[in-house]
Amino acid sequence: MDAPAVEARRLTKTYGHGSGAVRALDDVSLSLARGTVAALLGPSGSGKSTLVKALGFVSPAEHGEVRFGGRVVVRDGVALADLAALRRRHLGFVFQKANLTTFLDARENVELACELSGKRDGRRRARELLAYLEVSHRERSYPETLSGGEQQRVAIARALANEPSLVLADEPTAALDGARSRVVMELFRRVAHERGAAVLIVTHDHRALDVFDVLYEMEDGQLRPATSPPHPPSRSSP
Amino acid sequence: MNLALRDVRRHLARFLGTAAGLGLLLTVVIAMQGIYAGMVDDATLLTRAMQADFWVVQRDTRGPFAEASRVDPSLEARAAAVPGVRAARPYTYQLIQRDHRGRVLRIALVGLGWPDDPGTSLPLVQGRRLQQPHGEMIADTSLGIPLGETLTLAGEAYRVVGLTRNALTSGGDSVAFLTVADTQLVALEQPPEALRLERERVLERLRRTDLGRGQPGLEDLAADPRWRAPALASPPHAAVLVQAGPESRAAVREVLAGWGDVTVYTQAEEEALLLGGVVQRARMQIGLFTVILTLTAGVIVTMVIYNLSLEKTHDLAVLKLMGAPSARLLGLVLQQSWLLGALGYAAAWALGEAVFPLFPRRVLLTPTLTWLAPLVTFGVVTVASVLGLRHVLRVDPARALEG
């Protein structure tokens with residue numbers, strides 16, 4: 001059996017000191033297999049973003065370890081690998097706002113991600129991805145001229161440019177209406193199932209929970225499985 | 001993919017506007033340096049053009065360019081008689097201001113020791129040297145008097161027979177070369193009424209003496225307009241220029257320096273006096289201006305680059321989150337700084353080529369300035385990008401996740 005795309009073991013992170021200290025991650029363990037699309041639910045301040053930062057090698061947890069592709073890359077807050085290189089080659093990020101690079105057009109945003117990951121023929125690949133996400137007609141448009149939905153599609157194309165093992169999305173549909181929100185969630189499901197990436201999506205949007213293979217819920221820094229989704233999880237375990 | 005160029009392309013108008021502003025500043029910096037170089041060149045050109053080994057000037061003075069110097073006309077013959085002296089010729093220098101065809105001309109008149117020196121050492125760009133002792137002049141092109149035109153000085157017509165370029169004084173005044181005798185005619189110019197009053201004064205003095213009362217014929221002589229007072233017959237020179245053979249220079253200097261009425265300077269010493277005395281203050285002033293303008297340009301570029309970096313904070317955070325190497329992001333800022341400097345410098349150079357010839361003072365773009373100015377610009381914009389670079393390094397990729 002393949003190693004999980006990412007595996008977190010007993011992550012702990014505290015903000016602040018003394019009586020004002022807040023435990024954002026409290027002994028969190030998680031495993032996501034490739035091809036799985038998982039939702040991370042929970043109220044604001046429950047630790048969701050902290051977990052995404054820890055899994056995305058942006059802000060490591062103080063204690064615990066994160067394995068990537070079976071290899072320990074962060075242990076007790078210490079990086080054991082080049083984290084920027086890991087992000088560049090194996091991770092994709094999608095944000096609440098699309099966060100496209102403002103001075104690059106749609107195609108260049110995707111092309112740059114290809115280039116950073118060392119993929120050859122970035123332009124061709126960028127065009128393919130934009131076509132895959134049905135936004136190729138806007139490839140020469142700058143971000144501010146795209147609609148919210150188009151921006152998110154370009155952002156997803158960018159996140160897929162390096163053929164990631166893990167896609168982390170932080171409330172990617174927060175700025176979209178219900179119909180567009182569902183379309184984007186469906187896209188993530190396609191990405192996970194067709195391209196074999198593990199996808200973890202932080203969301204408050206309960207209207208599209210049926211697209212997820214597995215649901216997690218965070219509260220006060222603790223992670224637990226949430227209500228079972230309509231589709232059975234394919235290859236994941238908490 | 002070059003991110004710096006992509007960003008410039010996206011904000012082209014603003015970037016070009018900033019480069020143009022920087023270009024204007026650099027134009028002033030280059031102009032300042034060019035004016036100083038022109039001033040030094042002008043100051044030394046006049047002394048170099050004379051090709052003298054020694055400048056013999058009035059005792060305890062620093063020569064005609066620094067202060068008034070008067071030497072007796074007999075000094076020329078005395079100096080020529082010193083063993084080892086090849087040639088001695090008088091030198092006069094005076095500033096005049098005259099109207100000519102509706103323009104006010106400020107002219108530095110330099111006397112040439114005719115017939116030994118018809119202007120042989122002058123770098124003519126058009127025309128010829130002096131060929132007669134009176135009524136001809138060699139003028140600098142900056143006076144705007146074309147070849148063949150005549151200029152009236154002291155009631156006499158002087159035809160321009162030769163033109164020089166950049167023969168200017170350290171004060172920026174254009175030089176015209178005449179024979180020493182002609183410059184003295186101009187120097188002694190007196191209006192007819194002044195001459196009439198002078199004759200009246202002489203007659204009055206004569207009538208008060210026994211000699212005048214006893215010899216009435218003397219009154220006729222004093223009243224004759226062709227007669228001149230003996231004191232005005234031999235006006236002094238500003239200096240005498242001496243040429244000596246290399247083998248006899250030391251000996252010649254020793255003899256000349258021994259005379260009680262003169263001080264002797266070599267060509268190099270005269271140039272040093274000129275630069276040290278006349279140009280020194282301008283050098284300091286221009287130097288200070290240049291430093292202040294360079295610092296101003298540096299501060300402006302710093303703020304522009306820093307603001308460009310600040311505006312891109314979120315983009316930088318996203319790029320960092322995507323794993324973009326720091327070197328690539330630092331390169332984005334640094335390349336933009338360099339591009340700004342290059343465009344600013346190119347604009348300054350192009351603007352300078354167009355407007356420097358219109359400046360009242362000569363702007364001399366020396367070879368040193370030509371390679372030093374872009375190097376300094378490069379250094380300034382590189383240093384100016386430090387704040388921007390620091391900002392890039394401090395951007396936390398986690399900011400990209402903060403909405």
Side-chain angles (χ1 to χ4, degrees), chain A residues 44 48-60 82-105 107-118 122-123 126 142-144 155 158-159 161-162 164 168-172 174-175 202, chain B residues 1-19 304-337 339-340 388-389 391-403:
Chain A
S44 295
K48 303 187 297 296
S49 292
T50 305
L51 180 58
V52 168
K53 286 176 189 172
L55 295 177
F57 311 122
V58 177
S59 181
D82 181 349
L83 301 184
L86 269 179
R87 291 200 301 268
R88 199 158 56 227
R89 294 188 190 122
H90 301 294
L91 264 65
F93 291 92
V94 182
F95 313 93
Q96 182 176 339
K97 294 175 188 166
N99 278 346
L100 297 173
T101 304
T102 51
F103 55 85
L104 300 179
D105 65 29
R107 190 193 73 203
E108 288 167 345
N109 263 282
V110 183
E111 196 179 333
L112 175 64
C114 292
E115 195 181 304
L116 288 175
S117 67
R123 182 166 299 182
Y142 282 96
E144 76 264 21
R158 181 179 64 179
N162 58 349
L168 296 168
D170 194 357
E171 300 190 45
V202 174
Chain B
M1 185 184 300
N2 188 300
L3 296 177
L5 289 179
R6 293 293 198 287
D7 189 30
V8 170
R9 179 191 66 182
R10 188 72 187 121
H11 306 102
L12 191 61
R14 194 176 54 170
F15 197 82
L16 289 180
T18 307
V304 167
I305 294 295
Y306 183 57
N307 279 328
L308 285 174
S309 308
L310 278 185
E311 284 174 11
K312 284 194 283 287
T313 298
H314 203 72
D315 286 329
L316 291 168
V318 173
L319 290 169
K320 278 192 169 183
L321 186 68
M322 288 165 60
S326 293
R328 180 132 192 206
L329 302 179
L330 293 174
L332 161 65
V333 172
L334 212 48
Q335 285 164 30
Q336 284 192 344
S337 297
L339 190 60
L340 199 59
L389 296 173
H391 177 68
V392 169
L393 289 175
R394 289 162 70 106
V395 168
D396 183 359
R399 285 188 69 157
L401 297 168
E402 289 166 5

Residue part contacting chain B, namely of Tyr142(A), when any heavy atom lies under 4.5 Å: side chain

Arg89(A), CZ atom: more than 12 neighbouring heavy atoms under 6.0 Å: no

Glu108(A)/Arg9(B) salt bridge by N-O under 4.0 Å criterion: yes

Side chain, backbone, both or neither of Leu112(A) within contact of chain B (heavy atoms, under 4.5 Å): both

Chain B contact via Arg158(A) - side chain, backbone, both or neither, heavy atoms under 4.5 Å: side chain

Separation of Met322(B) CE from Asn162(A) CG (nearest 0.5 Å): 8.0 Å

Test item: Arg6(B) and Thr101(A) side chains (from C-beta on) under 4.5 Å apart, heavy atoms: no

From Leu319(B) atom CG to Leu104(A) atom CG, the distance as rounded to the nearest 0.5 Å: 7.5 Å

Side-chain donor/acceptor of Arg10(B) to backbone N/O of Phe103(A), under 3.5 Å: no

Shortest non-hydrogen contact between Asn99(A) and His314(B), atoms and distance: OD1-NE2, 2.7 Å

Part of Ser59(A) lying under 4.5 Å from any heavy atom of chain B: neither

Leu100(A) versus chain B, the contacting section by heavy-atom distance below 4.5 Å: backbone

Per-residue contact mode, Leu3(B) against chain A (heavy atom under 4.5 angstrom): both

Residue part contacting chain B, namely of Ala85(A), when any heavy atom lies under 4.5 Å: neither

Minimum-distance pair of heavy atoms, taken over all atoms of Arg88(A) and Ala324(B): NH1-C, 4.3 Å

Shortest non-hydrogen contact between Phe95(A) and Val318(B), atoms and distance: CE1-CG1, 4.3 Å

Nearest non-hydrogen partners of Pro397(B) and Arg87(A), listed with the distance: CG-NH2, 4.3 Å

